[in-house]
Undergrad: 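Sharing a structure here in structure tokens format.
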Number of protein chains: 2
Amino acid sequence: MAPRQNEIPDQSLYTSVRQYVSGYDHPDYSCIFVHAGAGYHSTENEQKHLRACRNACQAAMAALKAGGTSTDAVEIAIRVLEDDPVTNCGYGSNLNFDGVVEADASIMDSFGRTGAVGATPQIQNPISLARLILERSSQPMTLKRVPPNFVVGEGAVDYAREQHFPVSSNESLVAHPARIRFSKWQKEIEYQEIMKRRGKAPDKSRTADFSLLGASTRPIQEAGSALPPTDKELPGTPQLLEQKVDLVTDTVGAISIDRYGNMAAGSSSGGIGMKQPGRVGPAALIGVGTFVKDRGERQAATVVSGTGEHMLHTLISAQAVNRIYDSNDELDAMKKVINEDFMGSQGYGKANIWGEPAIGVMSVKAENVSSGKRLISFVFGHNTDSFALASMTSSDTAPKTIMSRVSREPKLAVGGSSRLVQMQIKTHTEEKPKKDKMSKRLGRHDKKYNVPPSQPKQEKKATIAPGLEGLHLDNRDGESSGVSSGDSNRADCGSWLIDFSDKEGQV
Amino acid sequence: MAPRQNEIPDQSLYTSVRQYVSGYDHPDYSCIFVHAGAGYHSTENEQKHLRACRNACQAAMAALKAGGTSTDAVEIAIRVLEDDPVTNCGYGSNLNFDGVVEADASIMDSFGRTGAVGATPQIQNPISLARLILERSSQPMTLKRVPPNFVVGEGAVDYAREQHFPVSSNESLVAHPARIRFSKWQKEIEYQEIMKRRGKAPDKSRTADFSLLGASTRPIQEAGSALPPTDKELPGTPQLLEQKVDLVTDTVGAISIDRYGNMAAGSSSGGIGMKQPGRVGPAALIGVGTFVKDRGERQAATVVSGTGEHMLHTLISAQAVNRIYDSNDELDAMKKVINEDFMGSQGYGKANIWGEPAIGVMSVKAENVSSGKRLISFVFGHNTDSFALASMTSSDTAPKTIMSRVSREPKLAVGGSSRLVQMQIKTHTEEKPKKDKMSKRLGRHDKKYNVPPSQPKQEKKATIAPGLEGLHLDNRDGESSGVSSGDSNRADCGSWLIDFSDKEGQV
């Protein structure tokens with residue numbers, strides 16, 4: 001059994017990186033996974049998206065290496081993505097119908113603690129406010145009042161002010177590209193509504209004119225983090241534009257495992273463009289956008305990106321966590337999540353829920369397979385054109401990134417990899433762990449730490465389910481794009497998790 | 001197989017009761033179940049709570065009998081509870097820290113459609129606004145924008161205004177008892193915070209003085225729908241007050257099955273007293289407060305009441321639906337929901353999530369057991385002192401109510417009943433069903449309707465799992481309070497579902 005930190009560390013609030021003493025830690029064990037949304041990333045801007053992911057991984061890994069928790073790592077990774085205008089979260093988010101940035105974010109840890117904000121204006125780093133809510137949720141209030149787990153709208157701004165959390169002006173959160181998209185959509189809606197009042201069909205060529213500035217012929221909910229069109233793009237035809245302009249569904253997300261063996265996951269999003277003010281999307285919802293399940297022996301976490309209104313009634317992140325947690329074939333589980341749980345849900349099909357269903361799912365699973373060995377599986381899937389992902393472990397010198405693409409119908413790509421991690425367990429005889437304050441206070445010392453001292457490092461291969469050792473990017477129609485074939489023999493110390501091609505975007 | 005209406009009827013928006021033509025309907029099949037919160041209901045005020053439940057059932061049944069859908073019935077039942085100041089929802093809700101009524105509500109139907117509002121001020125009937133959002137979610141918007149499923153805060157008020165939905169002043173939603181509770185809590189918090197600043201422990205006798213006005217020594221989150229204290233209560237000791245003043249955890253809920261065989265569920269709540277402005281509780285959250293699962297052959301729905309912050313990470317309503325959907329022993333499933341999924345969750349125990357966990361769960365399940373026969377099971381459970389419930393079917397002349405109570409530790413009560421319903425199936429040969437507009441348009445006619453004409457009404461007993469025919473109120477320590485022992489032989493046409501004792505409150 002892998003040693004795990006089973007008590008919540010005594011964390012001082014709202015410091016980005018905090019270190020706490022535990023009986024054990026495993027410097028080579030920590031890892032961070034991020035995604036920057038599912039949708040359509042133009043090949044031209046691909047590097048911008050992947051750079052954002054890379055930066056996020058590096059910042060999070062610095063925190064993990066300094067002894068930070070998985071919750072720290074998730075918060076930091078998402079902060080980096082929020083601060084980057086290329087993503088649809090924090091600074092540079094889509095504007096709502098009133099021209100305001102309203103943020104959704106959620107975070108969950110191994111202990112079932114959660115924090116979330118929804119439709120919250122004036123916050124540049126909603127993930128940090130969500131994290132603050134998570135931390136405060138285990139602190140008592142006067143009169144035995146229960147601290148909130150989910151705060152929305154103006155109330156969340158008041159909450160932030162009370163907690164001395166930075167509150168920005170709306171203007172400072174609006175990036176130039178978001179303003180351009182907003183103006184375009186505003187005009188387009190105006191035009192369509194005028195035509196509707198007149199009882200006429202909108203002039204397609206007129207609509208196409210508007211689309212030259214951005215989202216083209218696609219549904220607006222997919223036009224998340226469009227970059228400002230270049231001069232080259234402007235005179236193009238809509239067909240050409242479709243290949244050059246980003247059409248990314250909102251949410252970004254991160255999952256981390258720290259050296260203490262705990263997991264955390266988080267999501268952040270500016271939501272769909274021109275959304276109803278006050279609309280809350282999946283990134284704010286535990287079980288929909290973000291979920292973690294941890295039973296010690298096994299852990300799984302999922303974050304999703306896509307059309308939120310379709311995810312809501314399917315509780316898709318919790319569903320994905322459960323499927324992957326229980327499955328021996330994570331790739332197959334991921335396919336079922338997308339094809340059955342999401343596309344085949346009771347709501348979609350029978351009921352006319354509006355909009356095209358699109359989804360990207362990123363999951364991580366960790367389980368004890370033999371004494372001192374832990375199997376970490378990373379798996380993702382999407383039915384959108386592309387999905388931007390990255391990972392970094394404490395043994396990597398640089399993050400690994402991937403722009404997973406699929407073009408053939410029916411669109412479905414799944415991929416991932418798995419690694420056996422040899423835990424560097426400090427046993428009681430090898431080195432007696434210091435009893436930290438927490439374990440002293442609680443008068444307990446986790447029995448999981450007691451590994452027989454005479455036991456040599458088990459180099460024998462652990463029992464792994466077939467098909468797990470090397471997961472492959474897989475297309476439902478049989479097309480294989482050849483990503484991330486794992487080699488479990490190489491991995492004895494958790495040095496890396498994802499064997500993505502070095503040539504980014506060439507998957 | 002029971003015939004079911006598999007397409008969403010073409011509903012005109014926001015009429016309380018609407019009728020639509022379908023090939024089949026089953027006038028004796030419809031039913032409504034409501035609860036008015038789990039917590040502690042004083043015996044003195046018990047009748048007020050049960051009367052509210054009764055009124056809710058009657059109004060909903062009138063709609064069902066007039067051809068209304070389960071969604072109509074749930075909306076109407078909850079509207080009645082919202083309009084009654086005795087419940088903590090709509091008019092008479094708890095006030096938040098700023099003295100404002102902020103409502104949470106959600107509704108879900110058999111088709112996976114959902115609508116929800118959270119932390120929404122100025123709405124007397126939040127369930128109706130949630131229902132409006134549900135209806136609008138399947139209607140297109142200009143520019144392929146996706147209609148929202150979940151709208152919060154001031155944005156929800158704007159949404160209501162745009163949709164010509166009634167918006168009230170805050171003052172008109174504040175009932176006198178809620179104002180009294182608010183003043184009391186305000187003073188108590190002020191006092192405690194003064195003492196905290198001075199570094200002194202609050203004077204217990206002083207605190208007790210404050211508690212004379214209402215919530216006594218219990219956590220404030222349980223002090224939902226307290227009635228104004230009577231003169232008799234005011235001079236009493238805290239111990240005496242505990243037995244006379246209501247301490248009810250917020251949420252109310254309803255579940256209905258309509259004559260078309262569809263199910264819906266909904267919840268509404270004013271949230272915890274003195275809550276953080278903008279705080280969203282479980283009543284607003286699909287999967288936490290409200291959930292419906294429908295696969296045609298089998299359906300299940302759950303609504304919950306209790307301390308929301310503990311329910312969030314357990315996705316407790318979805319979890320209950322899944323357990324009860326899959327189980328042959330619903331009482332046992334309900335016990336597991338409360339003991340394992342809720343009390344034994346990853347968050348509770350390991351993590352110091354603040355507040356005392358309290359829950360009431362109400363579930364309904366319907367499944368086809370043999371040709372033309374449908375088994376309806378109703379099951380509830382709570383670990384609070386009491387739980388107020390009621391039911392009515394289209395064959396009942398009056399609603400049946402129950403105040404389920406449990407006093408012995410460890411507190412856990414489960415109960416319910418089940419009935420076989422003989423569907424009055426109009427077969428193709430007996431009476432050819434009119435093809436309604438919807439089925440014509442879709443060019444399909446559900447094959448489930450084809451029941452062999454020569455087949456006599458099967459009077460033979462259907463195969464029912466042991467322990468299901470008559471569910472009993474059950475206490476974990478073996479105490480049985482003898483409620484609702486079913487007699488499935490009596491039920492051949494869905495005439496009743498719950499055999500509660502006629503003497504209300506005497507369970």
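Quick caveat: nothing in here was measured; it's all calculated off a predicted structure. Residue numbers begin at 1 in each chain, while the letters A, B, ... track the order of the sequences.
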Undergrad: Could you tell me which portion of B/Ile286 (side chain, backbone, both or neither) has an atom closer than 4.5 angstrom to a non-hydrogen atom of chain A?
TA: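 Looking at B/Ile286, backbone and side chain both touch chain A.
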
Undergrad: Please state whether the side chain, the backbone, both or neither of B/Glu102 comes within less than 4.5 Å of a heavy atom of chain A.
TA: neither

Undergrad: Would you name the heavy atoms of A/Gly287 and B/Leu315 that are closest together and state the gap between them?
TA: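 That would be CA-CD1, 3.8 Å.
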
Undergrad: Measure across A/Arg279 and B/Pro148 and return the closest heavy-atom pair with its distance rounded to 0.1 Å.
TA: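 Answer, listing the atom of A/Arg279 first, then B/Pro148: CG-CB, 3.6 Å.
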
Undergrad: About how many Å separate CG of B/Leu312 and OG1 of A/Thr114, when rounded to the nearest 0.5 Å?
TA: 4.5 Å

Undergrad: What are the two closest heavy atoms between A/Gln276 and B/Gly155, and how far apart are they?
TA: NE2-O, 3.4 Å

Undergrad: Who wins among B/Leu285, B/Val151, B/Asp98, B/Val117 for the most heavy-atom pairs under 4.5 Å with chain A?
TA: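 The option with the most such pairs is B/Val151.
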
Undergrad: Should B/His313 and A/Met108 be marked as a side chain to side chain contact (heavy atoms under 4.5 Å, CB included) after you check the CA-CA gap, both sets of side-chain angles, and the distance that decides it?
TA: CA-CA 8 Å; B/His313 71 278; A/Met108 184 167 187; 3.7 Å; yes

Undergrad: Which value, rounded to the nearest 0.5 Å, describes the distance between A/Asp104 atom CG and B/Phe150 atom CZ?
TA: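 With rounding to 0.5 Å, CG (A/Asp104) is 9.5 Å from CZ (B/Phe150).
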
